[in-house]
Amino acid sequence: MASDQFKGHLAVAIAYTIFGLNVVLCKDIANSQAVSPFVLFTFRALGASALFWLVSLFLPEEKVQKGDLWRIALASFLGLFLTQVAFLVGITMATPIDSGILGTLGPVFTMFFAYFFVKEPITGQKAAGVGVALAGVIFLIINSVQGEGASSTTPMGVVLLLVNSLTFSLYLGIFRPLISKYSVVTFMKWAFLFSLLMSLPLSAREMFTMDYTAIPVAVRWEIGYLILFATCVAYYLIPYGQKYIRPTLVSMYNYLSPVISAVVSIWLGMDQLTWQKVLAAAAIVGGVILVSLSRAAQN
């Protein structure tokens with residue numbers, strides 16, 4: 001139904017708007033060196049687990065089939081643990097420009113994974129939409145260069161950011177049927193619990209020995225935002241949106257993140273609005289519309 005598709009679009013658009021701010025804040029936290037990427041992920045997984053399990057206490061009980069628990073654990077590994085850890089570590093080894101370019105590969109990966117795993121057809125219109133939006137984002141990023149060179153991006157940074165795009169694309173392309181089987185709260189409470197357990201061996205020692213009083217107040221607020229919005233709210237909205245729109249279309253909203261980052265930079269006086277950015281934004285929106293109108297994008 002049109003109303004359901006609208007809810008799906010709105011949920012995913014809000015999620016990727018939050019992710020756009022997430023990039024800026026994660027880079028600032030990384031630059032502060034107050035919290036390591038592994039500890040930061042554990043904070044996020046711990047906060048999200050606690051919140052989703054708490055909310056589930058006020059909802060009708062929903063049992064997860066034993067055979068699905070290992071599937072949720074795999075979804076958690078790909079869509080939460082490996083995706084976020086690769087990003088949080090990779091962003092410390094790459095410039096924002098290169099991070100943005102590599103991030104645009106996500107929808108392309110998702111389109112092919114969805115074709116192989118959930119038989120979502122690749123139509124000419126859908127491929128054209130992905131291409132137009134991809135061109136718009138790359139055009140935006142290239143014209144946003146302010147003297148930062150790609151030479152400061154390490155090969156490991158490139159690998160980790162590619163892992164980030166690949167694993168989240170696999171998550172979107174493979175697990176839609178599993179996500180649709182359960183309520184969002186039920187799915188996410190188990191997914192974040194599994195990701196928390198995966199992260200503890202890498203972060204527990206540091207969490208018990210680090211000096212929490214040395215964390216700047218601004219960084220504490222940024223971590224709070226990441227836990228509440230970039231983790232709990234955004235990761236609630238993504239599976240909610242997946243119930244109503246196809247994986248490729250969900251991943252198309254990945255193109256919003258660089259746009260949001262540019263808007264925030266302009267608002268903070270760190271950048272200027274140019275005709276190149278207006279043209280790029282038009283291409284991005286046009287690409288999303290092309291995919292949206294494709295018959296293969298309908299449920």
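Remember, predicted model here, so these are calculated numbers, not experimental data.
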Between M210 and I215, is the side-chain contact (heavy atoms from CB on, under 4.5 Å) condition met? List the steps.
CA-CA 10 Å; M210 66 184 293; I215 301 175; 3.9 Å; yes

Please confirm whether the backbone N or O of L178 pairs with a side-chain atom of R71, one donor and one acceptor, at under 3.5 Å?
no

Let me confirm one number: the SG-CG distance from C26 to L226, rounded to the nearest 0.5 Å.
4.5 Å

Please check if the side chain of S49 supplies one atom and the backbone of F192 the other of a donor-acceptor pair under 3.5 Å.
yes

With sequence neighbours excluded, give me every side-chain hydrogen bond (donor to acceptor under 3.5 Å, both in side chains) pair touching residues 221-232.
R44-T231

Count I, L, V, M, F, W, Y as connected when their side-chain heavy atoms are under 4.5 Å apart, and connections chain through other members. Are V217 and L25 then in the same cluster?
no

Residue of the set F229, Y235, F87 for which ring-ring contact (aromatic ring centres under 6.0 Å, His included) holds with F19
Y235

Could you pull out the closest heavy-atom pair between M198 and A73, with the gap in Å?
CE-O, 3.4 Å

Show me, pair by pair, the donor-acceptor contacts under 3.5 angstrom made by side chains of residues 54-61, not counting sequence neighbours?
unit_1: S56; atom_1: OG; unit_2: W53; atom_2: O; d: 2.6

Shared hydrophobic cluster, V35 / Y212 (ILVMFWY, side-chain heavy atoms < 4.5 Å)
yes

Residues two or more places apart in sequence or in another chain: which of them pass side chain to side chain donor-acceptor pair (under 3.5 Å) with Y16?
none

Hey, mind stepping through F81 and F41 against ring-ring contact (aromatic ring centres under 6.0 Å, His included) and telling me if it holds?
CA-CA 8 Å; F81 177 75; F41 175 78; 5.7 Å; yes

Rounded to the nearest 0.5 Å, how far does CD of Q5 lie from OH of Y244?
11.5 Å

Side chains of L170 and F175: closer than 4.5 Å at any heavy-atom pair?
no

Side chain to side chain donor-acceptor pair (under 3.5 Å) partners of Y253, counting only residues at least two apart
H9

CG of L82 to CZ of F168: how many Å apart, nearest 0.5 Å?
12.5 Å

Minimum heavy-atom separation for I179 and K243, please, with both atom names.
O-NZ, 3.2 Å

Looking only at heavy atoms, the pair that brings T92 and A30 closest together is CG2-CB, 3.6 Å

Side chain proximity check, P155 to V158, heavy atoms < 4.5 angstrom
no

Tell me, do V12 and Q242 make a side-chain contact under 4.5 Å, heavy atoms counted?
no

Rounded to the nearest 0.5 Å, what separation is found between the CG atom of N22 and the OG1 atom of T17?
12.0 Å

With T186 via side-chain contact (heavy atoms from CB on, under 4.5 Å) - residues at least two apart
E62, V64, Y182, S183, W190

Point-to-point distance, once rounded to the nearest 0.5 Å, from CD1 of I174 to CG of L74
7.0 Å

All heavy atoms of A234 vs all of A15, minimum pair found to be O-CB, 3.8 Å

Can you name the side chain to side chain donor-acceptor pair (under 3.5 Å) partners of S165, sequence neighbours left out?
none

Could you give the distance from CG (L202) to CE (M207), rounded to the nearest 0.5 Å?
12.0 Å

Can you find a heavy atom in the side chain of V85 that is under 4.5 Å from one in the side chain of V89?
yes

Considering all heavy atoms of both residues, which atom of L160 and which atom of A86 are nearest to each other, and what is their separation?
O-CB, 3.4 Å

Does anything in residues 166-175 form a side-chain hydrogen bond (donor to acceptor under 3.5 Å, both in side chains)? List the pairs, not counting sequence neighbours.
T83-T167, T110-S169

Residue pairs passing the salt bridge (charged side-chain N to carboxylate O under 4.0 Å, His left out) test with at least one member in residues 177-192, sequence neighbours excluded, are D68-K181

So, using side-chain contact (heavy atoms from CB on, under 4.5 Å) as the criterion, who are the partners of A191 when residues are at least two apart?
I72, S76, L80, F187

Looking only at non-hydrogen atoms, find the nearest pair between C232 and A48 and report the distance.
SG-CA, 3.5 Å

Evaluation steps, side-chain contact (heavy atoms from CB on, under 4.5 Å), between T42 and L196:
CA-CA 6 Å; T42 301; L196 173 62; 3.9 Å; yes

Who pairs with T209 by side chain to side chain donor-acceptor pair (under 3.5 Å), at least two apart in sequence or on another chain?
none

What pairs with P177 under side-chain contact (heavy atoms from CB on, under 4.5 Å), at least two apart in sequence or on another chain?
V118

For residues 196-218, which residue pairs qualify under salt bridge (charged side-chain N to carboxylate O under 4.0 Å, His left out), counting only residues two or more places apart or in two chains?
none

